[in-house]
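Everything on this sheet refers to the single structure shown next.
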2 protein chains.
Amino acid sequence: MARDPAGGPAQLVLTASVARRYYLDGRSKIEIAEEFALSRFKVARLLESARATGLVRIEIGYPGEVDLELSGLLQERFGLCHSVVVDTPDDDIGSLRRRLGAAAADLLGEIVTAEDVLGLGWSRSVSAVAAALTELAPTPVVQLTGALSRPDGDDGSVDVVRDVARISGGPAYFFHAPLLVPDPATARALRRQPEVARAFAQFRSVTKAVVGIGRWAPNQSTVYDAATDRERRALRRQGVCAEVSGVFLTEAGDTLPTALAERMIGVSAAQLRAMREVIGVPYDVVKAPAVRAALRSRLVSGLVTHTSLARALLTEG
Amino acid sequence: MARDPAGGPAQLVLTASVARRYYLDGRSKIEIAEEFALSRFKVARLLESARATGLVRIEIGYPGEVDLELSGLLQERFGLCHSVVVDTPDDDIGSLRRRLGAAAADLLGEIVTAEDVLGLGWSRSVSAVAAALTELAPTPVVQLTGALSRPDGDDGSVDVVRDVARISGGPAYFFHAPLLVPDPATARALRRQPEVARAFAQFRSVTKAVVGIGRWAPNQSTVYDAATDRERRALRRQGVCAEVSGVFLTEAGDTLPTALAERMIGVSAAQLRAMREVIGVPYDVVKAPAVRAALRSRLVSGLVTHTSLARALLTEG
DNA sequence: GACGCTCCTGCTCATCTGAGCGGTTGGCCG
DNA sequence: CGGCCAACCGCTCAGATGAGCAGGAGCGTC
């Protein structure tokens, strides 16, 4: 881009006046041409040069929390339905999660309609979304997975679904069961429970869902933390990179059937994929590989994150 | 202007993306509509709202010395051919004058063509212009008035014309005579001098001129300072407000025939008015009334000034 | 002085764009 | 349940606009 404008001060003043009339006063080029006794072509060329030399500067964006540019780039780059990047520091995980929860809650409030059926995965970010939610179209709310008790004792799995349903005013389909049980037989028995079966029956009608995204590594996925050492190593050998609502993904984004599957209570990859929009709410830059896997799998079609993770996602792959 | 944009984050991200495509990537609204699967009307409305809410901000101007906005406003407000407002502090008169001189020199270099005949009045600002001039079309240069010796001894009147002519490469029409002589007879005699007559003969062909603007008050016009107390009072009674190259003006901008006229050696109001463009280079806010008079008289059709005087001119009358 | 070169200008024509209009939807009240 | 209001949407059509072109001025070279 050329810096200094061509011509002397008179030219400059003229160009600036024309630009003001055009960009700020909204006059047409023809009007301006008449006013300044120029041809409309001349006016067009003056305006072009004003843009090219930087005399006219156009900025897009709010001083607000949402980084609109990153959001747009992310959306384009990965072909997402929605993407919200919150510009917030990532040093305090707690407040970061709250911010993302609030942003995702806003997004839900905006894009969920009465025709939707909302599914909720189980993760701390989903809890944060529920905590921040204030309004929602009257839609049914469906629990997508069992819950694992968290080390910090903040086990709100079922409450999350109920809370959200209370806000929406729609029916709540929830159940009391862990995500991971000790053996396949227990899992089968649980799935037959009326409460569980009732929720599972709703999976096929769910249109929008919110899920967390975990990475197959210590402290980056509650499933990982709940698994045995043996299973951890086995899945790692199988190439598991990410975990989305109990669905395992390779780095390339392929779903992986695993031995763990038959011990888990929750939505399947196929069911997840059938939902029109699945919004992931990941945080922490170290999760970038997992998020990339989730995006590649196209299981996740919406994203609410923070700037550092968004940048990490954009700067490779 | 509405602040916060309508809608939630998704709407916001969409609007920002559309705005980026339109304003920064230069795509047409129709292209954008196809890309985002919207109607072109929807795109137009999104863009409108983006402008209205301040999501898209357009700024005009350089970080440079020239205040383009003030220049344009001044030009419009008073119907000037040219106007250059230099954004420079006005506390140090000397450097202020140098800056204005440089700006006016740039302007001359730009707008003077080989077809022009350049006239120069006598004032410190004109000297400053000459000092800063580096290039000029090959045009004749004509001295418009006699010179008064200044208290500071910096009497460069004749040299100014010669210097400028040297830069332009055209002929110089100058003469050695004061602007104000003790009696009408001396003035008549001087005007008959070949050197003087030769310059005067050029007045009618002068197309562009540079002049200072004086105010009829102590230290604000060299003519005032050179006049007798009696004359000062007499002219003030007559309503003299400004003095432009020895031509007297009322506050309303009417030219005033005065007793002083027949003692002066210089261009007449009619001759001045016949010139296509007369550029005044006034400085110092206290001169605002005189400048306003000069503008109203339409004797002066171009202006090179500093911001504080420009603002003073715009904030009344 | 002839030539080629570049820059600048304004034109034509196909396309793009804005103002205003009417139809539809959804919410709200009588 | 019907009717009203407001918001939103996409259409028409006249007017605005851009891409590309041709003519001409200025300029350096031979």
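Just so it is clear, the structure is predicted and the values come from calculations on it, not from any experiment. Chain letters run A, B, ... following the sequence lines, proteins first and then strands; every chain starts at 1.
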(request) Output all residues satisfying side-chain hydrogen bond (donor to acceptor under 3.5 Å, both in side chains) with R273(B), sequence neighbours left out; order by chain, then residue number. (result) none

(request) Return the set of residues passing side-chain hydrogen bond (donor to acceptor under 3.5 Å, both in side chains) with S205(B) (not counting sequence neighbours), or none when no residue passes. (result) Q202(B)

(message) Here's a test of your reading of the structure: between L38(B) and A44(A), which maps to the more 5' nucleotide of DNA chain D?
(response) L38(B)

(message) Test of understanding: with side-chain hydrogen bond (donor to acceptor under 3.5 Å, both in side chains), list the residues that count as partners of R298(B), not counting sequence neighbours.
(response) none

(request) Considering only heavy atoms of chain A and a distance under 4.0 Å, specify the first and last nucleotide of DNA chain C in 5' to 3' order that meet this criterion. (result) dT9(C) to dC13(C)

(request) Please identify each residue that fulfils side-chain hydrogen bond (donor to acceptor under 3.5 Å, both in side chains) with Q271(B), with sequence neighbours left out. (result) S268(B)

(request) On DNA chain D, reading 5' to 3', which nucleotide is the first and which the last to sit with an atom under 4.0 Å from a heavy atom of chain B, could you check? (result) dC9(D) to dC13(D)

(message) Filter on salt bridge (Lys or Arg N to Asp or Glu O under 4.0 Å), then keep only pairs touching residues 199-212 of chain B, sequence neighbours left out; what's left?
(response) D116(B)-K208(B)

(request) Determine which pairs satisfy salt bridge (Lys or Arg N to Asp or Glu O under 4.0 Å) with at least one residue from residues 38-50 of chain A, sequence neighbours left out, and list them in order. (result) none

(request) Output the residues of residues 16-35 of chain B in contact with DNA chain C, where contact means a heavy atom of the residue under 4.0 Å from an atom of the strand; sort by number or write none. (result) S28(B), K29(B), I30(B)

(request) List for me each residue that meets ring pair (Phe, Tyr, Trp, His ring centres under 6.0 Å) alongside F203(B), sequence neighbours excluded, and say none if there are none. (result) F200(B)

Please output the side-chain donor-acceptor pairs of residues 299-307 of chain A that fall under 3.5 Å, not counting sequence neighbours, one pair per line with the distance.
unit_1	atom_1	unit_2	atom_2	d
S301(A)	OG	V278(A)	N	3.0
H306(A)	ND1	S308(A)	OG	2.9
H306(A)	NE2	D284(A)	N	2.8

(request) Hey, could you give me each pair passing salt bridge (Lys or Arg N to Asp or Glu O under 4.0 Å) that has a residue in residues 10-37 of chain B? Not counting sequence neighbours. (result) E76(A)-R21(B), R21(B)-D25(B), R21(B)-E35(B), R27(B)-E31(B)

(request) Compute both the distance and the angle, then confirm whether R198(A) meets the cation-pi test with F175(A): under 6.0 Å from the six-membered ring centre, within 45 degrees of the axis. (result) no

